[in-house]
Amino acid sequence: MPMSCHIYRQVPRKAVVEKPARVAEREARALLEKNRSYKLLEDSESGEEAVGSNGSSLQKKRKRRKHLRKKHQEDEEEEEEEVSESGKRKTGGSKSPTEEKPASEDEWERTERERLQDLEERDAFAERVRQRDKDRTRNVLERSDKKAYEEAQKRLKMAEEDRKAMVPELRKKSRREYLAKREREKLEDLEAELADEEVLFGDVELSRHERRELKYKRRVRDLAREYRAAGEQEKLEATNRYHMPKETRGQPARAVDIVEEESGAPGEEQRRWEEAQLGAASLKFGARDAAAQEAKYQLVLEEDETIEFVRAAQLQGDEEPSGPPLSAQAQQKESIQAVRRSLPVFPFREELLTAIANHQVLIIEGETGSGKTTQIPQYLFEEGYTKKGMKIACTQPRRVAAMSVAARVAREMGVKLGNEVGYSIRFEDCTSERTVLRYMTDGMLLREFLSEPDLASYSVVMVDEAHERTLHTDILFGLIKDVARFRPELKVLVASATLDTARFSAFFDDAPVFRIPGRRFPVDIFYTKAPEADYLEACVVSVLQIHVTQPPGDILVFLTGQEEIEAACEMLQDRCRRLGSKIRELLVLPIYANLPSDMQARIFQPTPPGARKVVVATNIAETSLTIEGIIYVLDPGFCKQKSYNPRTGMESLTVTPCSKASANQRAGRAGRVAAGKCFRLYTAWAYQHELEETTVPEIQRTSLGNVVLLLKSLGIHDLMHFDFLDPPPYETLLLALEQLYALGALNHLGELTTSGRKMAELPVDPMLSKMILASEKYSCSEEILTVAAMLSVNNSIFYRPKDKVVHADNARVNFFLPGGDHLVLLNVYTQWAESGYSSQWCYENFVQFRSMRRARDVREQLEGLLERVEVGLTSCQGDYVRVRKAITSGYFYHTARLTRSGYRTVKQQQTVFIHPNSSLFEQQPRWLLYHELVLTTKEFMRQVLEIESSWLLEVAPHYYKAKELEDPHAKKMPKKVGKTREELG
DNA sequence: GAGCACTGC
């Protein structure tokens, strides 16, 4: 069953046309549905034995239907056991078929009527939302004068800021040139350095022979360079075309091979040899020189062991190492058009446009720096793809990227940002009715499907950075592929780095691949000779090795997390202190997402002359930010990765070896300003045999609650057969469906309910949005919004610097309120708001200002959406029981009770623990609810709230039965521990 | 008594 029918059915025009016949059609459909479900019941009953434990998903689904259907007829007391169980136990559960009572026909009629009424209401709600959106657009049009003024002001401000930004930019450019020059002279530098060492350490052993050797090597390299310049030209010509996948089918690596083969025409062997020689020349502590060099290291490094690296490969660069970057030259001409023409994509303009005209879907393969993101949408604009009010969308995985790229394109086109060119990200919509080039985050385009399921106002959709495989891009693929089928005039561009283009092509029905060369300097890759046991120690030693032996250029080290980074920085600083003036100055700078902004900014300050900067970073430096001047990359080969266990609903963050793709991305960071080097702290063998080819896509290691809700609200019912590029685990989808059913977002037929449609409007997890909707009933939406906003900034509220641990912990305890962590969060936010959202207040209370500001943004957005989902703003005026009950309405799925052997989750009977940072850590209430379950050293519940078991029956009677909530051990419990604290509220 | 990579709506 093609998915397109589902989406197409959601297109507004059609819904309006259908309206008169609606009721009749509904009734007919209801009857059909009813008949069908009865038949299904019989089917699955008789087919029971045939469906083994590994029955097809279709069969499972039918069983599920039957199951849900059956449940409806049974006593309510029996229900929840079934819901909480996944496919496996269903067989057991239905083995004893309670008689299918036709006696309950009335009951069935009633629920059926309710269901239909709910669907009606849901559609009416969706229509109202649509109408409101339309009104809002009209308002914008009316207010266009005011808006234009505001935009002009905004633009003026930006222009000024641009000018300000220009100076450091120019400084950067000149520094780039300087570094390129330095690179050219690296052997001279080496000589100078050797001379330095001679003076410093008085070692006379630096022989003439050694210098003669260097001079010889330099000559060899000059020859090699000339040769490469010629070879480069040839390569450019060779890649100057796009190819159809048919030519390469079954040979996925072919694209790369072509470049290799064709660039290596005559003299290839000699070139390789010369390159090897060149490698040896720049190899300061490789295996070959090891013996000669060792003595000197020991003088500096004190350590007996230094790490041996072997140069094993080179990441091909497209940029001639000796030439300064073209863009720098062009910049001097101060001509934007010249810059545009200088980009690698420019020569391909016509060919590219022809290819786009001829094919609906085109995969564009190009490295960063090829100009594809900024230029292609402009080409399309120039070619007339935005006529008749049509728009071009270009998606980015990150907000900053969408913003900065849009700003640059606006500048290149000489228009105000927000007019013809705009961007659209969460909390910030810088577009107007005139906007035709729209840069946006991928999640934003996904949200647009809710209001415009066929993307009717877009003529082109370009999904950029597709290789990153974010959750949102992956979902977009499925939806766009579907939309493209019934909108043949829609053009789809998928832009990716060299990785995986064959797979994208295959997914989009063998779409052609268009290759654009990038602009990057070559990077030499070095591996260790033997595996390193302690990679942190190895990192520190290697950094010092590089510092002492290598020409200028900053170092970037990739570690897994804050703790490691802090440790490494400490060790480095310690060693530097001990070495004192024996080595040149080494600036050690940490960077990770949770580092306060002012500390983060330090890594962008230029390195003082004579010193060297070493940036110790998490994965944040792999894609999210680029640091100028990095020549050396040190890669231990690990990263922290989230994984999700759908059985327990538990996520964990574990240190795992990174993928080859990730390793290459890291290496590429060394080749952005000049030829660089990447030192990998593992062996070449490990790279070849132990690393995965690519990182597991996010969609396969995360919970999918809101994705399922979104797809359901787009009318996609059959999720098991949705066209995923890489399908998520079956269990993950099943758990998401079950949770949505329990939350009342889906009815027993798996259809979206009114409540579910509302939940889909809120950009938060289903349980959180359920909690927000429930706040209406308990008249505490003000408080609940705050709690929701605070929960959605990830545990980064409290700042805990190492040197002030005691103060920080005290400050945190001061916020504690009886009842639990949710109320503590509410308390923090309220006090902050009372301080006038002060940053000083944050500083004094060891609260992270950035997180609070984010919480405020989220809260404001949710407040706006509350009106959209027709929930009024009300406050409980300090009656926290109502707040806690509203939270329970969303999180009744996440409950735990205290037993004699500690906490157990109510449904899965899994042993869990209160996180030590929780305000309830020492209180151990009998019943509690948790926001999330994480596996670190133990299974911890993070953000817990004390509840009363009776509330569970109140908020989720369909999910809990009274018997289940009785406490058999109640009387045996010690008196103080686990006492329900009624006086709290 | 633990210790949370990175995004995004």
Side-chain angles (χ1 to χ4, degrees), chain A residues 395-402 424-429 440-450 465 468-476 558-567 591-595 617-625 638-643 651-656 658 662 665 695 697-699 701-702 705-707 709-710 759-766 768-769 788-789 792-800 802 805 808-809 812 848 851 854 857-858 861-862 864-865 913-918 921-922 932-943:
Chain A
T395 71
Q396 296 291 322
R398 277 169 294 279
R399 292 159 51 90
V400 260
S424 178
I425 57 181
R426 190 186 186 184
F427 310 131
E428 226 179 307
D429 186 7
M440 61 214 296
T441 43
D442 46 13
M444 212 61 192
L445 184 62
L446 209 54
R447 285 270 141 192
E448 276 201 12
F449 272 90
L450 270 179
E465 312 287 356
E468 285 191 30
R469 301 294 305 276
T470 67
L471 176 61
H472 291 155
T473 6
D474 265 22
I475 308 289
L476 275 180
F558 283 101
L559 292 178
T560 64
Q562 181 177 346
E563 208 178 359
E564 254 181 43
I565 288 174
E566 279 169 358
I591 178 96
Y592 45 87
N594 261 345
L595 193 72
T618 57
N619 257 357
I620 194 172
E622 201 177 292
T623 48
S624 302
L625 52 88
F638 290 97
C639 63
K640 246 179 206 165
Q641 232 181 25
K642 196 171 86 170
S643 54
E651 40 187 45
S652 47
L653 205 55
T654 44
V655 174
T656 47
C658 66
S662 183
Q665 173 74 21
T695 312
E698 193 185 356
I699 197 170
R701 44 187 179 83
T702 190
N706 36 13
V707 166
L709 193 57
L710 182 81
M759 283 164 69
E761 286 291 324
L762 302 173
V764 290
D765 272 340
L768 216 50
S769 46
S792 54
V793 298
N794 303 325
N795 302 299
S796 50
I797 302 285
F798 297 105
Y799 177 55
R800 204 165 179 261
K802 253 191 175 172
V805 169
D809 286 350
R812 193 166 51 86
Q848 298 233 40
S851 306
R854 201 183 135 70
D857 282 339
V858 174
Q861 190 196 25
L862 291 177
L865 290 169
F913 304 87
I914 298 183
H915 195 279
N917 277 353
S918 165
F921 182 65
E922 282 165 0
E932 60 184 350
L933 206 54
V934 288
L935 177 68
T936 49
T937 48
K938 279 180 185 172
E939 291 87 350
F940 283 114
M941 298 179 280
R942 250 192 233 149
Q943 316 289 18

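Residue numbers begin at 1 in each chain, while the letters A, B, ... track the order of the sequences.
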Of the candidates B/dC9, B/dC4, B/dA2, the side chain of A/I425 sits closest to B/dC9
Among B/dG8, B/dA5, B/dA2, the one nearest any side-chain atom of A/K938 is B/dA2
Taken to the nearest whole Å, CD/A/E939 to C1'/B/dG1 is 16 Å
Sorted by position of nearest nucleotide on DNA chain B, 5' first, the leading residue of A/Q861 and A/K640 is A/K640
Of the candidates B/dT7, B/dC9, B/dA5, the side chain of A/Q562 sits closest to B/dA5
Rounded to whole Å, the CG-P distance (A/L865 to B/dC9) equals 13 Å
Separation between CG (A/L559) and OG1 (A/T618), nearest 0.5 Å, reads 9.0 Å
Taking B/dC9, B/dG1, B/dC4 as options, the one with an atom nearest any side-chain atom of A/R399 is B/dC9
A/R398 has its side chain closest, among B/dT7, B/dC6, B/dC4, to B/dT7
message = For a quick test of reading the model: is some side-chain N or O of A/T618 closer than 4.0 Å to OP1 or OP2 of B/dC6?
response = yes
Taken to the nearest whole Å, CZ/A/R942 to C1'/B/dA2 is 10 Å
Against the side chain of A/T937, the closest entry in B/dC9, B/dA5, B/dA2 is B/dA2
Taken to the nearest whole Å, CD/A/E564 to P/B/dC4 is 11 Å
A/N619 CG to B/dT7 P, in whole Å, measures 10 Å
A/R854 atom CZ is separated from B/dC9 atom P, nearest whole Å, by 8 Å
Regarding the side chain of A/F940, the nearest nucleotide among B/dA2, B/dC4, B/dC9 is B/dA2
Would you find a donor on one side and an acceptor on the other, under 3.5 Å apart, between the side chain of A/R399 and the backbone of A/R426? yes
Residue set satisfying salt bridge (Lys or Arg N to Asp or Glu O under 4.0 Å) with A/E563, at least two apart, ordered chain then number -> none
Rounded to whole Å, the NZ-C1' distance (A/K642 to B/dT7) equals 10 Å
Side-chain contact check for A/P916: nearest option of B/dA2, B/dA5, B/dT7 is B/dA2
Residues passing the side chain to side chain contact (heavy atoms under 4.5 Å, CB included) test with A/T473, sequence neighbours excluded, are A/D442, A/V463, A/T470
Looking only at B/dA5, B/dC9, B/dT7, the nucleotide nearest the A/L653 side chain is B/dA5
Interatomic distance, CG@A/L445 vs CE@A/M440, rounded to 0.5 Å, equals 4.5 Å
Side-chain contact check for A/T441: nearest option of B/dA2, B/dG8, B/dC4 is B/dG8
note: A/L595, atom CG; B/dA5, atom C1'; distance rounded to Å ~ 14 Å
